[in-house]
Amino acid sequence: MLDLKFIRKNPDLVRAAIAKRGVDFNLDHLLDVDDEWRQKVFTVEQLKNTRNTVSEEIARLKKAGENADEKIAQMREVSRSIKKLDEEIRELGEKLQGLLLQIPNIPHASVPEGQDDSDNVEVRRWGDPPQFAFEPKNHWEIGEALDILDFNRAGKVSGARFNFYKGLGARLERALINFMLDQHVTRHGYTEIFPPFLVNEDSMRGTGQLPKFAEDMFKVEGRDLYLIPTAEVPVTNYLRDEIMDGELLPLKFAAYSGCFRAEAGAAGRDTRGLIRQHQFNKVELVKFTRPEESEEELEKLVHDAEEILQLLKLPYRIVVLCSGDLGFSASKTYDLEVWMPGARKYREISSCSNFTDFQARRANIRYRPKPKAKAEFVHTLNGSGLAVGRTTAAILENYQQEDGSVAVPEVLQPYMGGVKRIEMP
RNA sequence: GGAGAGAUGGCCGAGCAGGUCGAAGGCGGUCGCCUGCUAAGCGACUAUACGGGCCAAAACCCGUAUCGUGGGUUCGAAUCCCACUCUCUCCGCCA
């Protein structure tokens with residue numbers, strides 16, 4: 001959510017940002033509603049003022065044993081008007097909020113202009129795609145042949161877009177979770193968090209999943225609970241409605257969680273394999289920073305995430321999203337894309353974003369720059385570090401051998417009880 | 001799930017037979033005075049949001065709102081009524 005005062009003062013700047021994203025939004029309408037709202041607030045506050053002062057007079061009169069009937073009758077009228085105006089103001093306020101929530105964050109100046117993902121700009125590449133003396137397989141073929149992934153039985157038990165990890169497959173997934181967390185916690189200075197996987201509607205609104213993306217969520221029937229689509233939701237909301245000491249910033253959290261997505265808009269896409277599941281594992285990195293340090297912290301966040309890929313020796317590239325492909329709340333986003341030999345292309349494995357004060361304003365997360373100073377909104381950032389299922393898929397494909405086995409990346413072997421290779425059954 | 005108790009400012013804690021209560025008192029904090037140093041003591045100040053004064057900001061001033069949340073009664077609600085949420089204690093259930 002943008003600052004209403006900022007919009008009032010910089011309407012042209014906001015209009016330009018909306019245009020850069022290619023979004024259709026009538027800012028003048030919002031400004032009109034705001035005008036009307038402010039007028040009514042002004043009027044009703046004056047009425048409340050007379051009510052308050054006259055009520056005091058009534059108290060004085062009554063105490064003196066005098067008659068106050070006339071004033072009481074007057075105030076009855078005033079109260080009626082107040083009630084009516086308050087109702088109108090409430091409606092206007094809701095309308096204003098609704099409009100305000102539709103405005104996306106302002107893209108950072110360094111974000112390239114563009115329509116869609118084809119306009120994203122590659123920043124750098126690391127590692128060379130492996131050369132195979134045979135036709136590389138897709139990870140689901142490899143996993144099923146090794147009997148470590150079972151999509152068919154998951155179909156029976158849960159439905160499409162679910163999966164059983166089995167044996168060394170399950171162990172590989174678990175090894176990756178532990179490896180990533182250990183890396184971020186012990187080497188990159190993040191605090192480990194194990195969050196709830198179900199959150200209430202206020203939290204979903206705080207990070208911007210609601211109201212706009214309701215159809216992407218799983219909701220628990222009859223309860224105010226949603227399955228989280230990412231640990232970003234509980235971890236960012238962890239500090240909702242709080243003011244923290246500026247000296248504590250930046251705060252850095254690393255959280256493992258299951259992630260649950262309805263994938264309503266993705267029918268027919270990536271129907272096979274681990275790429276797009278209703279449930280997947282992810283280690284998420286979340287930061288709360290001072291405004292002036294968020295740009296630098298985004299770069300560090302990307303480095304923390306890509307180091308995992310480097311240690312796993314998985315080739316990847318990094319792209320910066322163009323204005324048209326940028327997520328609603330983000331001001332700037334880097335995607336990490338890992339090389340998938342089966343599909344012969346790079347696939348997103350992490351998305352690292354700076355949300356500036358956009359989420360913080362919505363979720364009301366503030367800090368005090370100095371002990372007595374006025375509280376300001378923090379900047380929030382987050383990024384996958386990494387999506388675990390997709391990492392497993394990337395390992396299966398990049399480390400596959402001609403005989404159908406899969407080598408275990410060296411850094412994971414200690415997490416796999418020394419297993420160096422996943423062999424055919 | 002059943003029974004009971006509770007939710008007030010940064011914290012503790014009064015007020016709860018409706019009127020001058022943004023809210024006593026204390027702690028903590030800031031500034032000043034005093035003092036060889038320290039401790040103690042004295043005095044003042046010490047919430048947030050929104051609107052307006054002021055479509056340059058800050059400061060300042062005025063107003064409004066805020067005593068868990070939402071509604072109701074009333075000229076007037078921290079105080080009365082209703083619903084909900086959360087916390088605590090006991091019982092039951094459960095990994």
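Chain A is the first sequence line, chain B the second, and so forth, proteins listed ahead of strands; every chain is numbered from 1.
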Next item on the list: Heavy atoms under 4.0 Å is the rule here; annotate nucleotides 55-69 of chain B 5' to 3' with B where the base is hit, S where only the sugar-phosphate is, and - elsewhere.
Entry: --S-----BBS----

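- Contact annotation for A/K83: backbone-only contact, meaning every heavy-atom pair under 4.0 Å involves sugar-phosphate atoms and none involves a base.
- Side-chain contact annotation: A/N105 with A/S329, donor-acceptor N/O pair under 3.5 Å absent.
- Residues A/S203 and A/N200 have side chains that bring a donor and an acceptor to within less than 3.5 angstrom of each other.
- The side chain of A/W37 approaches B/G51 more closely than any other nucleotide in the set B/U73, B/U48, B/G51.
- B/G41 is paired with B/C33 under the Watson-Crick or G-U wobble criterion, all donor-acceptor distances under 3.5 Å.
- Side-chain N/O atoms of A/S79 include none lying less than 4.0 angstrom from OP1 or OP2 on B/U74.
- In this structure, A/R60 does not reach the B/G76 phosphate: none of its side-chain N or O atoms is under 4.0 Å from OP1 or OP2.
- In terms of position along RNA chain B, the nucleotide closest to A/I243 lies nearer the 5' end than the nucleotide closest to the other residue of the pair A/I243 and A/V41.
- Take A/E144 and apply the side-chain contact (heavy atoms from CB on, under 4.5 Å) test, not counting sequence neighbours, and it matches A/F151, A/N152, A/R272.
- Heavy atoms of A/R80 sit nowhere under 4.0 angstrom from any nucleic acid atom.
- There is no side-chain donor-acceptor pair under 3.5 Å between A/E141 and A/Q400.
- Checking B/G51, B/G19, B/G76 against the side-chain heavy atoms of A/K62 singles out B/G19 as nearest.
- Counting only N and O atoms by type, the side chains of A/T392 and A/E173 include a donor and acceptor under 3.5 Å apart.
- If you look at A/F253 and A/Y238, their ring centroids are closer than 6.0 Å.
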